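Note that the structure is predicted; figures quoted are calculated from it, not measured. To find a chain, count down the sequence lines: A is the first, B the second, and so on, and within it residues start at 1.
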Number of protein chains: 2
Amino acid sequence: MSESCRHNGRTSCTVPSSEQVQDLLLQAEKLCAGRQQRFTELRRKVLELVCQYKQPVGAYDLLDDLKQTGRSAAPPTVYRALDFLQSQGLVHRLATNNTYIACAHPQHEHTGLFFVCHRCGFTQEVHTDEIVQAVRQQAVTLDFTVEKAAVEVSGTCHDCQSGNDDV
Amino acid sequence: MSESCRHNGRTSCTVPSSEQVQDLLLQAEKLCAGRQQRFTELRRKVLELVCQYKQPVGAYDLLDDLKQTGRSAAPPTVYRALDFLQSQGLVHRLATNNTYIACAHPQHEHTGLFFVCHRCGFTQEVHTDEIVQAVRQQAVTLDFTVEKAAVEVSGTCHDCQSGNDDV
DNA sequence: CAAGTTATGTTATATTATAACATAACATTT
DNA sequence: AAATGTTATGTTATAATATAACATAACTTG
Ligand SMILES: [Zn+2]
Ligand SMILES: [Zn+2]
Ligand SMILES: [Zn+2]
Ligand SMILES: [Zn+2]
């Protein structure tokens, strides 16, 4: 299901549900294999941990989780794994709150576009051609070669707008 | 000159030049006065320091600068001033590299759109209606209430593309 | 297996930012 | 002007995030 996906236009993407995690891990394994990149146990484990969160997660939370598994772990352990996962497009880093989130469709390159609810933390990745195109067009105007773009919008999500102040 | 400015469409904005700093400080003073906000000596000084950099500057660099002036200063000193300046739209924070930059036209609210050269550090703020509009449109689709948006594009600026590897 | 490369373990430290509480400055009312 | 409330700053300590540096282990390739 997540093997092939079409993200034309403004398609929204969700964090994989529990039953999809294994699928996504398999996908990640294939992706890395195809690129001659080593999808090690540690990297798999970290990606799995990231996936298990419904929301973006901090590096030190992942570190705590890793320690729980009995495995030896220090900050570099998790940061190196996250660096690798990011380099493969399997994980995005949200700069505005120093968190990490699994990408639901790493099979094609893309800029991370995120809408982050600062009330409940719900974070939605989207693929909006208009945004990407607008950034690209501005880059042309500036004669700027884009390497990567971060678009992080914070505000209130649909569910949190319903007037109830106590979620 | 910076008193009234028209940023219709894709207008680029630069960090104020040295001779413009006093103008910008005066503008900031008026702006705060009009809002019943206290533009204290400390806040003025921090804004001035930020303006004096041609590139985004880190909080601890500003802290060092503050100390040079003889004034007592600790991290909270500069962070509180920066928080205030951000709240008034006088300064933007770049989340992708934890730096702060003066806004060249704080007189109207806007999202910060930045193109950051990772080679020379040159950072260009732009006002691109297309980008803002595209984000807004996507927010409508998601029924998401935007509070603030951060768009930070990193790559190579015009000057750094000229093939020379040793700037 | 040997040699080279890449990944991980480990310790220490750098960098960025905030908590908490005391004091000072300013504003407002009497 | 004194009293009072509010906002800003000083000060100390610490939290939160991330990396440097170097040793060891694992994997890869010839
Ligand atoms: Zn993604
Ligand atoms: Zn929400
Ligand atoms: Zn601005
Ligand atoms: Zn450059």
Side-chain angles (χ1 to χ4, degrees), chain A residues 28-29 32-47 49-50 53 55-67 69-88 90-101 118 121 150 152, chain B residues 28-29 32-33 35-47 49-50 53 55-88 90-101 118 121 150 152:
Chain A
E29 188 175 332
C32 291
R35 295 168 181 166
Q36 264 75 263
Q37 297 290 326
R38 289 162 61 184
F39 191 58
T40 65
E41 269 314 300
L42 174 62
R43 291 164 176 176
R44 169 192 297 273
K45 186 64 193 172
V46 171
L47 179 55
L49 289 171
V50 173
Y53 284 84
Q55 296 181 357
V57 58
Y60 279 74
D61 288 333
L62 294 170
L63 180 55
D64 288 343
D65 292 346
L66 265 185
K67 284 175 180 166
T69 71
R71 172 189 273 281
S72 157
T77 311
V78 65
Y79 279 107
R80 288 193 283 225
L82 287 171
D83 284 348
F84 172 83
L85 295 171
Q86 282 177 262
S87 76
Q88 301 306 310
L90 297 165
V91 157
H92 294 288
R93 176 174 189 267
L94 292 170
T96 46
N97 59 5
N98 305 317
T99 56
Y100 302 84
I101 188 170
H118 54 45
E152 300 176 26
Chain B
E29 188 175 331
C32 291
R35 296 168 181 165
Q36 264 76 262
Q37 297 291 325
R38 290 163 60 184
F39 192 57
T40 65
E41 269 314 301
L42 175 62
R43 290 165 176 174
R44 168 192 297 274
K45 185 65 192 170
V46 171
L47 179 55
L49 289 171
V50 173
Y53 284 85
Q55 295 181 357
V57 57
Y60 279 75
D61 289 332
L62 295 170
L63 181 54
D64 288 344
D65 293 345
L66 265 185
K67 284 175 180 166
Q68 297 298 332
T69 72
R71 173 187 272 283
S72 158
T77 311
V78 64
Y79 278 107
R80 287 192 284 223
L82 287 172
D83 285 348
F84 172 82
L85 295 172
Q86 283 176 263
S87 77
Q88 300 306 311
L90 297 165
V91 157
H92 294 288
R93 176 174 187 266
L94 292 170
T96 46
N97 59 6
N98 304 317
T99 57
Y100 302 84
I101 189 170
H118 53 46
E152 301 176 25

> Looking at DNA chain D, which of residues 72-82 of chain B put a heavy atom within less than 4.0 Å of it?
Replying inline: B:S72, B:A74, B:P76, B:T77, B:R80
Excluding sequence neighbours, so at least two apart, what forms side chain to side chain donor-acceptor pair (under 3.5 Å) with [X]?
X     : value
B:N98 : B:R93
A:T77 : none
A:T96 : A:E152
B:R80 : none

Using atom [atom1] of [X] as one end and atom [atom2] of [N] as the other, report the distance to the nearest whole Å.
X     : N      : atom1 : atom2 : answer
A:Q36 : D:dC27 : CD    : C1'   : 14 Å
A:L63 : D:dA18 : CG    : P     : 12 Å
A:D64 : D:dA16 : CG    : C1'   : 12 Å
A:R43 : D:dC27 : CZ    : C1'   : 12 Å

> Is a side-chain donor-acceptor pair under 3.5 Å present for B:D65 with B:Y53?
Replying inline: yes
> If you look at every strand shown and take non-hydrogen atoms under 4.0 Å, does A:Y60 touch a base, only sugar-phosphate, or nothing?
Replying inline: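 It contacts base atoms.
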> If you look at every strand shown and take non-hydrogen atoms under 4.0 Å, does A:F39 touch a base, only sugar-phosphate, or nothing?
Replying inline: nothing
>> When you compare the side chain of B:Y79 with that of B:Y60, does any pair of heavy atoms fall below 4.5 Å?
In response: yes
Atom pair [atom1]/[atom2] of [X] and [Y] - distance to nearest 0.5 Å:
X     : Y      : atom1 : atom2 : result
A:L49 : A:T69  : CG    : OG1   : 7.5 Å
A:L90 : A:I101 : CG    : CD1   : 13.5 Å
A:F84 : A:L47  : CZ    : CG    : 10.0 Å

> Given axes from five pairs at either end, by how many degrees does the helix from C:dC1-D:dG30 to C:dT30-D:dA1 bend, rounded to 10°?
Replying inline: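 Both end axes considered, the difference amounts to 30°.
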>> Can you pull out every side-chain hydrogen bond (donor to acceptor under 3.5 Å, both in side chains) where at least one residue sits in residues 32-44 of chain A? Sequence neighbours excluded, please.
In response: A:E29-A:R44, A:R35-A:Q88
>> Closest-nucleotide mapping onto DNA chain C: is B:A59 or A:L42 further toward the 5' terminus? I mean the 5' end.
In response: A:L42
>> On DNA chain C, does the nearest nucleotide to B:Y100 precede the nearest nucleotide to B:R38 from the 5' side, or the other way round? Give the residue.
In response: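 Result of the comparison: B:Y100.
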> First contact, last contact: which nucleotides of DNA chain C are these for chain A, 5' to 3', heavy-atom distance under 4.0 Å?
Replying inline: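 In short, chain A contacts DNA chain C from C:dT6 to C:dT11.
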>> B:D83: which residues meet the side-chain contact (heavy atoms from CB on, under 4.5 Å) condition with it, sequence neighbours left out?
In response: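 Per chain and number, B:D83 pairs via side-chain contact (heavy atoms from CB on, under 4.5 Å) with B:Q86.
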>> Need to verify one output field. Residue with the more 5' nearest nucleotide on DNA chain D, A:N98 or B:R71?
In response: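 Between the two, 5'-proximity favours B:R71.
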